[in-house]
Amino acid sequence: MARILITSAIPYINGIKHLGNLVGSQLPADLFARYMRARGNEVMFICATDEHGTPAELAAAKAGKPVADYCAEMHEVQAEIARGFRLSFDHFGRSSSQRNHQLTQHFAGKLAENGLIREVSEKMIYSIDDGRFLPDRYIEGTCPNCGYDSARGDQCDNCTKQLDPTDLINPHSTISGSTNLEQRETKHLYLMQRALKDKLEAWIDSKTDWPVLTTSIAKKWLNDGDGLQDRGITRDLHWGIPVKKGDQPWPGMEGKVFYVWFDAPIEYIAGTAEWADANGLDDAAWERWWRTDKGAHDVTYYQFMGKDNVPFHTLSFPATILGSGEPWKLVDYLKSFNYLNYDGGQFSTSRGRGVFMDQALSILPSDYWRWWLLSHAPESSDSEFTWDNFQTAVNKDLADVLGNFVSRVTKFARSKLGETVPAGGEFGPQETALIADLGARVRDYETHMSAMDVRKAAAELRAIWVAGNEYLQAAAPWATIKTEPERAEAQIRLSLNLIRIYAILSQPFIPDAAATMMQAMGCDDWTWPEHLSDAIRALPAGHAFSVPENLFRKITDEERVDWQARFAGVRT
Ligand SMILES: [Zn+2]
């Protein structure tokens, strides 16, 4: 039994995520966690909401709520949707937790002790009417280059010129619209990543089994241009983790908080501590996942994320961990994803273009989405959701292949042979060939799942379903029962057992349908089919089964057209 630690990139708190977000981290992480558990490993699967920073403050202000209340409510909303998609987190934490406060302050203190923090005085724009410093993107004005009147403080969206807020003509706050702005001196902490560059590069070079997408992004940030830069880890904000050196005050940094990108990845660790707290366990229970001096030496740590998050996970977070000088677990394998596009364009949260997680669950159960998203995961390149493709995949793979097999076998068996596994006949050459074929396919499926090759695993699972259907079609028990009833009994005995095996193999992809199949087989033995010739005999003659409700329904053309129009854009 191996010990597997899995974290999914943590979704930001301000609003409900779309299907592209889901397939870029949480869903494939769940697939992997479910598979690793099914193989008998000890798994810790952690996710959380990312709750700090200016966007949370602004979203709360827009909703007319205190930011802490807003985050608490949105966390519940996201947790409920995660349950709806059957995301099997061991804990869904919050980056605003006391655990994360303590750990973030602890890491900052260690980094300071090790001489890796420097203080920098800089001039920033202060909005007198808002009573706060403004991040660059919350200042707008006229572009000095092209005259566009809504250029942001960091860049003009019209001519793409990189800007400094002081370059703007007639700058104003996007929070209040106020032009009552001035430059003020402020002091911030910088993590001296440049001093850690060699350590980081040596560590990345040791990861020869990482995907090219991951290492190439990390290397680019390490070496391109001026190379890896020191990074500001504090902000002049109210909402966040107060800057402290461990549990001690940090002179000169009063009223400031850590930058959200500094504290967010630390929440992976804090979330595991929250898990221990929620289960009444002591610190040793979570430290054995994270501290190599306290039991984590045999843990393999996997991270899942979209490609835009790779620099933070290959450089920034490891810089925090390596720089602490303490024996914390570093990531062993990092699985990153390209983007999922939507129906000829991009998903857009602001314009409501595409299907959002709550909407998806309101029109179809989660298995339909899980299957399509995972079998089309944007691994080697971006992929695209289209309603045509979704309808075809659901109707063919789920309804025609898997659902039809289960329905035909159970209904035929009940009507002709009764509601127990029939006893007659022996397996012949046809059955032996199928068992050998499926045995080889299950080994391939295991290989793809272990390697986190999501699409290949889905394709193999589909092939395993197809093999059962083809067998049923060729064996034709509805014909053999007329001439060789014993043979028909053997065929149905194999097919009923195959439904149980399908439940086990399919569970990481479509957990609800898998549970329905298993329940219909009157069984709760989820033992992985190591040896198919044994597994295909697990349900003995005389074992009772039932006919399940239709596993999957087909998507009609009318629905496809309706949904395509409904999710085309502009959400209110
Ligand atoms: Zn411009």
Side-chain angles (χ1 to χ4, degrees), residues 12 14-15 18 20-21 24 52-59 61-62 120-186 188 190 193 217 220-221 223-237 259-261 306-312 315-316 338-354 382 568-572:
Y12 199 69
N14 66 341
H18 55 64
N21 300 129
H52 294 134
T54 311
E57 285 189 311
L58 295 183
K62 199 175 163 191
V120 175
S121 271
E122 48 197 32
K123 287 202 164 118
M124 278 194 68
I125 304 286
Y126 187 86
S127 167
I128 294 160
D129 294 333
D130 294 314
R132 61 185 289 169
F133 286 94
L134 296 178
D136 292 353
R137 46 198 276 235
Y138 294 107
I139 307 161
E140 280 186 6
T142 302
C143 174
N145 189 47
C146 73
Y148 178 59
D149 67 1
S150 298
R152 284 197 322 257
D154 53 351
Q155 188 178 27
C156 172
D157 278 342
N158 189 50
C159 70
T160 74
K161 188 177 169 63
Q162 301 278 319
L163 298 170
D164 201 68
T166 52
D167 299 336
L168 294 171
I169 302 159
N170 301 323
H172 62 268
S173 158
T174 61
I175 299 171
S176 61
S178 170
T179 55
N180 197 8
L181 311 178
E182 66 180 28
Q183 281 202 321
R184 278 193 191 177
E185 183 105 349
T186 181
H188 283 291
Y190 274 66
Q193 299 192 132
I217 293 171
K220 191 171 147 57
W221 278 65
N223 298 314
D224 277 17
D226 295 331
L228 187 65
Q229 297 299 304
D230 292 350
R231 199 168 60 106
I233 60 164
T234 54
R235 289 291 186 270
D236 288 295
L237 290 179
Y259 181 36
V260 59
W261 263 111
K307 62 184 170 187
D308 52 327
N309 278 337
V310 169
F312 297 100
L315 302 170
S316 306
N338 286 285
Y339 297 132
L340 178 69
N341 293 317
Y342 179 79
D343 216 4
Q346 290 179 337
F347 280 89
S348 167
T349 303
S350 57
R351 289 186 296 126
R353 190 171 189 283
D382 290 354
V570 193
R571 194 187 203 204
T572 51

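Every number for a ligand or one of its atoms is a count from 1 in the order of the listing.
Among residues two or more places apart in sequence or in another chain, the side-chain contact (heavy atoms from CB on, under 4.5 Å) test is passed with Y342 by F347, R353, V355, F385, W387, F567. Taking K220 as the reference, D224 meet the salt bridge (Lys or Arg N to Asp or Glu O under 4.0 Å) condition, with sequence neighbours excluded.
Residues T142 and N170 bring no donor and acceptor atom of their side chains to less than 3.5 Å of each other.
A salt bridge is defined here as a Lys NZ or Arg NE, NH1 or NH2 lying under 4.0 Å from an Asp or Glu carboxylate O, and K123 with D164 fails to meet this definition. Of the charged side-chain nitrogens involved, at least one lies within less than 4.0 Å of a carboxylate oxygen, so that D154 and R152 count as a salt-bridged pair.
The salt bridge (charged side-chain N to carboxylate O under 4.0 Å, His left out) pairs that include a residue from residues 173-186 are E182-R184, where partners are two or more places apart or lie in different chains.
For the Zn ion (ligand 1), the tally of protein N/O/S atoms lying closer than 2.8 Å stands at 4.
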